[in-house]
Amino acid sequence: MMEEQLSRSVMSIHERGFAMSATSNLIDDAPLTWFHKKLTVFSSGGPFIDGYALSIIGIALITMTPGLKLSTGEIGMIGAASLVGIFFGGAIFGWLTDKIGRHKMYIADLIALAVFSLLNGFANEVWQVVLCRFLLGMAIGADYPIATSLLAEFLPKKYRGRLLGATFVVWAVGAASAFAVGYLLRSFGPDAWRVMVASPAVFAIITLLCRLGTPESPRWLLSRGRKDEARAVIKQVYGHQYDLSDISSDVDANTSRAKFTDIFKGRLWKRTLFVSIFWTAQVIPLFAVYTFAPDLLSSFGLSGDANLYGGSLLISMLFVIGGIPGLWLVERIGRRKLLLWSFAVIVVALAIPAFIHDVQATPLFIALAIFALASGASSFLEVVYPNELFPTEIRATAVGFGTAISRVGSAASTYLMPAAIISFGAAGSLLIGAGITLVGLVATLILAPETANKTLHELTTKNNTASPTEIKVTEGSLP
């Protein structure tokens with residue numbers, strides 16, 4: 001009896017000390033460590049550069065337009081070029097990341113970000129600016145599936161939504177930094193735009209140096225049958241006492257290799273549909289606002305550097321502020337409720353000004369501010385949901401596809417935004433954004449699953465059973 005009690009006591013201590021059995025999942029059940037925090041920060045570099053590069057162009061256009069004598073159509077092309085590039089970058093390099101690994105691509109895309117940003121600063125023709133912005137967009141699109149897949153495959157389930165989401169909230173920090181840098185550089189004269197469009201290279205080089213030495217995902221290594229390398233990474237990250245038996249993979253290395261088309265087969269096609277619709281509905285108004293924030297505020301009747309630069313900075317900061325309660329709520333109320341509520345608030349906020357007779361600048365600005373807060377509270381789900389809904393061998397492909405599809409609409413909206421402001425005015429432009437957001441709300445209501453507090457193994461393996469509590473939580477959502 002005494003020996004039995006002693007044995008139980010030792011086992012309890014053993015469990016609290018994070019000693020995993022062969023049937024548990026070392027990664028999903030791990031405590032948060034310095035490695036996880038460092039990897040989260042380094043993975044945030046890509047979204048930061050994305051927010052910065054896509055926002056700095058809106059400010060650069062103030063001096064670029066007279067400098068290169070741009071027409072309205074050319075302005076739209078420059079604004080949309082990087083988004084079209086993200087479409088190709090996400091689709092191609094997400095698939096490639098699943099083929100050759102996360103680590104190699106994790107470094108290569110930052111080199112591309114630095115090179116194309118610098119080249120953009122030396123452009124003398126419109127087509128050169130468009131080409132550089134397109135190639136920059138490809139590199140940005142590549143980083144989403146690369147960095148977020150790698151991070152998701154290391155994070156414990158308890159913190160996965162919050163830390164994955166934090167990387168995307170950093171997008172708004174990058175956008176806010178762009179408006180601040182643009183304000184400081186505006187005194188550089190007619191060529192200020194050259195310094196602005198080249199400046200993302202600084203952040204790309206810093207992020208590249210930080211990412212050097214990051215290990216490959218052990219889940220991906222196991223999916224390729226590279227057990228010795230996976231074992232080495234596990235021991236490096238978690239300690240020499242752990243081995244392959246301490247990690248459950250959601251893929252069998254002996255099965256046939258996944259293909260790009262697999263995200264449209266079986267139960268995955270519904271997940272692909274959901275991710276594509278909700279992601280697109282989120283980014284269309286988001287990128288239209290951030291790319292042309294000064295023009296949009298000008299259409300409100302605002303003028304002067306303090307209003308245009310300061311107003312743009314304030315909107316981007318509200319996005320960051322909105323992300324703070326969002327990151328807290330994502331693990332409390334779950335992904336689905338958070339997305340539904342944020343979509344609903346955005347629809348109301350953007351629609352109301354259109355029904356106010358002779359609407360003035362203040363209601364328009366308030367609508368935009370509420371949009372920024374609500375959007376910031378849930379936009380990070382764009383990288384949380386797809387990383388949780390797809391298995392390791394196809395995860396980066398799915399994230400890349402979601403990135404690509406979402407940019408089709410956002411590129412079109414960005415191209416058309418200058419004309420929309422002229423044709424429909426500020427209130428009409430916001431109303432269009434409300435209609436697009438409503439589509440996202442309906443799709444989420446019908447298709448969105450709840451993925452909070454579940455391991456990647458539970459979420460992505462075909463034969464898993466749910467407890468009665470789990471069934472209640474996800475009732476009415478796609479399987």
Side-chain angles (χ1 to χ4, degrees), residues 10-11 13-43 94-109 145-160 163-164 210-258 262 387-388 390-399 454-464:
V10 171
M11 191 56 167
I13 295 172
H14 198 50
E15 288 171 350
R16 287 197 302 270
F18 179 49
M20 298 295 166
S21 69
T23 59
S24 64
N25 191 335
L26 174 66
I27 291 178
D28 277 308
D29 298 321
L32 196 64
T33 66
W34 171 245
F35 170 80
H36 295 126
K37 297 175 184 177
K38 185 171 66 172
L39 186 61
T40 301
V41 173
F42 295 167
S43 297
W95 172 81
L96 189 60
T97 298
D98 280 327
K99 294 299 178 185
I100 69 174
R102 285 76 166 111
H103 175 72
K104 293 177 182 176
M105 299 296 296
Y106 194 59
I107 302 300
D109 74 302
I146 297 166
T148 61
S149 295
L150 180 65
L151 182 60
E153 289 165 9
F154 270 113
L155 288 176
K157 65 180 181 182
K158 184 178 179 181
Y159 304 97
R160 190 175 59 235
L163 293 185
L164 266 176
C210 290
R211 287 184 178 183
L212 293 176
T214 301
E216 180 58 90
S217 162
R219 291 184 191 271
W220 182 83
L221 290 169
L222 282 176
S223 77
R224 315 309 285 184
R226 293 158 61 174
K227 295 183 178 180
D228 290 340
E229 293 173 73
R231 180 181 291 109
V233 172
I234 290 171
K235 292 182 179 297
Q236 173 190 346
V237 173
Y238 297 100
H240 290 286
Q241 68 270 40
Y242 303 110
D243 209 324
L244 294 181
S245 59
D246 293 306
I247 173 176
S248 60
S249 178
D250 54 12
V251 61
D252 184 354
N254 296 321
T255 60
S256 59
R257 293 285 183 255
D262 286 349
N387 275 295
E388 293 181 331
F390 296 87
T392 297
E393 77 271 23
I394 205 75
R395 180 170 291 118
T397 300
V399 177
K454 292 184 179 181
T455 68
L456 293 180
H457 182 76
E458 289 177 299
L459 290 167
T460 57
T461 50
K462 293 181 180 179
N463 299 316
N464 60 69

Under the side-chain hydrogen bond (donor to acceptor under 3.5 Å, both in side chains) test, which residues partner E216, sequence neighbours left out? none
Residues R224 and E229 bridged, charged N to O under 4.0 Å: no
Of all heavy-atom pairs linking P156 and P31, the shortest is CG-O, 4.1 Å
Pairwise side-chain contact, H36 with Y159, heavy-atom cut-off 4.5 Å (strictly under): no
Nearest heavy-atom neighbours spanning R160 and E388: NE-OE2, 2.9 Å
Sequence neighbours excluded, which residues qualify as side-chain contact (heavy atoms from CB on, under 4.5 Å) partners of K104? none
Where A230 and P218 come nearest, the two heavy atoms and their spacing: CB-O, 3.8 Å
Taking all atoms of both residues into account, what is the closest heavy-atom pair of P215 and V233, and its distance? CB-CG1, 4.0 Å
Residues L39, L155; criterion side chain to side chain contact (heavy atoms under 4.5 Å, CB included); working and verdict: CA-CA 9 Å; L39 186 61; L155 288 176; over 6 Å; no
Sequence neighbours excluded, the answer for ring-ring contact (aromatic ring centres under 6.0 Å, His included) partners of F154 is F35
side-chain contact (heavy atoms from CB on, under 4.5 Å) filter on A398, not counting sequence neighbours, yields I263, F390
Measure the spacing between NZ of K99 and OG1 of T97 and express it to the nearest 0.5 Å. 11.5 Å
Between Y106 and S43, does the side chain to side chain donor-acceptor pair (under 3.5 Å) criterion hold? Intermediate values first, please. CA-CA 9 Å; Y106 194 59; S43 297; 3.2 Å; yes
Got a second to check how far I234's CD1 is from L221's CG, nearest 0.5 Å? 9.0 Å
Ignoring hydrogens and geometry, is there a side-chain-to-backbone donor-acceptor pair from R102 to L150 under 3.5 Å? no
Run the side-chain contact (heavy atoms from CB on, under 4.5 Å) test against K158 and tell me which residues pass, sequence neighbours left out. none
Output all residues satisfying side-chain hydrogen bond (donor to acceptor under 3.5 Å, both in side chains) with R211, sequence neighbours left out; order by chain, then residue number. D143
Could you report the tightest heavy-atom contact between A396 and S149, atom names first, then the distance? CA-OG, 3.4 Å
L163 and L32: side chain to side chain contact (heavy atoms under 4.5 Å, CB included), yes or no, with the steps? CA-CA 10 Å; L163 293 185; L32 196 64; 3.5 Å; yes
Okay, side chain of R395, backbone of N387: is any donor-acceptor separation there less than 3.5 Å? yes
Donor-acceptor pair, side chain of D98 and main chain of T397, under 3.5 angstrom: yes
